[in-house]
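Data block below; observations after.
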Amino acid sequence: LAGRRADGWIPMKEEVLQYGEKVAAIRGCAQAAGRDPSKITAGMFVQYVIAETHEECHRMVNAPLAKAYALIEPPATFERFGAKHPFGDDFYPLKDYIPCNYGRQEVLDALAKVPSEVAEYTLTHGTPEDIAAELQQYVDQGLEHVVLVNTTPFADMGKVRSSYRLTNEVLRLVKGA
């Protein structure tokens, strides 16, 4: 659909090579539909946690509110890390996870079952250099536009100011300014 009708595509972050394959497929569909594939902007939403050290980010992505982002990962992500999705194998997050439909204790119990590896996979995290390097991998696969969503405050409210200062460093590194 994006290749035939849209002027852009902007998914949530996914595996680098998978992203590149999808960009190529969308542009191939555009060409097959008689459209100029270069007119389709490849974008991506990137939710991230940023700090002075990578180790600090690991602590933060495992904070309950940040870890909650892992609950919207499909069961296959959990399986990749040798775990089961806290809400079951048949759970389809985009349809089934409506937070207000779960009680507080049910969500806390689910968060306790999210392995650190899944939490760390779910949110882009690291130093400005780490995040810029990861973004560059996507640029190499066709990424042209990124929407950076700073989730650091959900992980540690004390990091609000520093997270935006560090985000400015990511932008400087990515833009080459």
Side-chain angles (χ1 to χ4, degrees), residues 1-51 57 60-61 65-81 85 87 91-100 114 117-155 159-160 163-177:
L1 182 62
R4 292 189 314 272
R5 302 266 187 230
D7 62 359
W9 177 63
I10 189 162
M12 300 301 285
K13 185 188 101 169
E14 55 187 277
E15 292 290 329
V16 174
L17 294 178
Q18 197 174 47
Y19 178 85
E21 290 168 1
K22 289 180 180 179
V23 169
I26 289 167
R27 290 193 170 139
C29 287
Q31 189 164 11
R35 299 181 66 213
D36 181 351
S38 70
K39 299 287 186 193
I40 297 175
T41 302
M44 187 170 60
F45 284 101
V46 176
Q47 297 165 315
Y48 67 97
V49 169
I50 193 166
C57 290
M60 290 192 299
V61 298
L65 199 49
K67 208 174 195 182
Y69 281 93
L71 295 177
I72 62 171
E73 288 289 334
T77 299
F78 284 79
E79 291 168 15
R80 179 176 168 195
F81 294 98
H85 196 289
F87 292 129
F91 184 72
Y92 184 72
L94 295 177
K95 177 180 70 66
D96 298 335
Y97 188 55
I98 301 169
C100 63
V114 175
E117 297 84 3
V118 175
E120 292 164 11
Y121 170 83
T122 301
L123 293 172
T124 295
H125 62 281
T127 65
E129 294 79 12
D130 295 333
I131 292 173
E134 183 171 329
L135 291 174
Q136 184 59 52
Q137 292 176 46
Y138 287 95
V139 168
D140 294 344
Q141 294 295 319
L143 177 66
E144 299 169 294
H145 181 82
V146 65
V147 176
L148 294 172
V149 181
N150 185 0
T151 58
T152 306
F154 295 114
K159 301 282 186 184
V160 173
S163 71
Y164 286 104
R165 178 181 49 79
L166 294 169
T167 297
N168 284 336
E169 180 65 15
V170 171
L171 297 175
R172 187 189 67 73
L173 291 166
V174 170
K175 291 180 177 182

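Given the structure is predicted, the values throughout are model-derived calculations rather than measurements. The chain is numbered in sequence order, starting from 1.
Among residue pairs with one or both ends in residues 16-45, those qualifying as ring pair (Phe, Tyr, Trp, His ring centres under 6.0 Å) are Trp9-Tyr19, Tyr19-Tyr138; sequence neighbours excluded.
Residues Thr152 and Thr167 have side chains not in contact (no heavy-atom distance under 4.5 Å, counting atoms from C-beta outward). Under the 4.5 Å side-chain criterion, counting only non-hydrogen atoms from C-beta, Phe87 is not in contact with Asp96. Between His145 and Val147, some side-chain heavy-atom pair lies under the 4.5 Å cut-off. Leu123 has its side chain out of reach of Tyr48: every pair of non-hydrogen atoms, C-beta onward, lies at least 4.5 Å apart.
Taken from CG in Leu17 to CG in Asp140, the straight-line distance is 10.5 Å, to the nearest 0.5 Å. Note that CD1 of Ile40 is 7.0 Å distant from CD1 of Ile26, once rounded to the nearest 0.5 Å. Going from atom CD1 of Ile72 over to atom CD of Gln47 covers 6.0 Å, rounded to the nearest 0.5 Å. Separation of atoms NZ (Lys13) and CD (Gln18) is listed at 12.0 Å; rounding is to 0.5 Å. Of the inter-residue distances, the one linking Ile131 atom CD1 with Leu166 atom CG reads 8.5 Å to the nearest 0.5 angstrom. In this structure, the separation between OG1 on Thr124 and CD on Glu134 is 4.0 Å, given to the nearest 0.5 Å.
Shown here for Pro93 and Pro75, the closest heavy-atom pair between the two residues is CD-CD, 4.4 Å. The minimum heavy-atom distance between Ala155 and Met60, with the atom names listed, is CB-O, 3.2 Å. Across every non-hydrogen atom of Leu71 and Phe91, the tightest pair is O-CE2, 3.6 Å. Shortest non-hydrogen contact noted between Leu173 and Ala132 is CB-CB, 3.8 Å. Of all non-hydrogen atoms in Met44 and Glu14, the two that sit nearest each other are SD-N, 4.3 Å. In plain terms, the two heavy atoms of Ala70 and Val118 that are nearest each other are CB-CG1, 3.9 Å.
Distance alone, capped at 3.5 Å, places no donor-acceptor pair between the Ser163 side chain and the Ile50 backbone.
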For this session: Please step through side chain to side chain contact (heavy atoms under 4.5 Å, CB included) for the pair Leu148 and Leu171, ending with a clear verdict.
Result: CA-CA 10 Å; Leu148 294 172; Leu171 297 175; 3.8 Å; yes
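Between Tyr97 and Glu73, the side chains place no donor N or O within less than 3.5 Å of an acceptor N or O (distance only, hydrogens not considered).
Looking at residues two or more places apart in sequence or on another chain, you find a side-chain hydrogen bond (donor to acceptor under 3.5 Å, both in side chains) between Thr127 and Glu129, Asp130.
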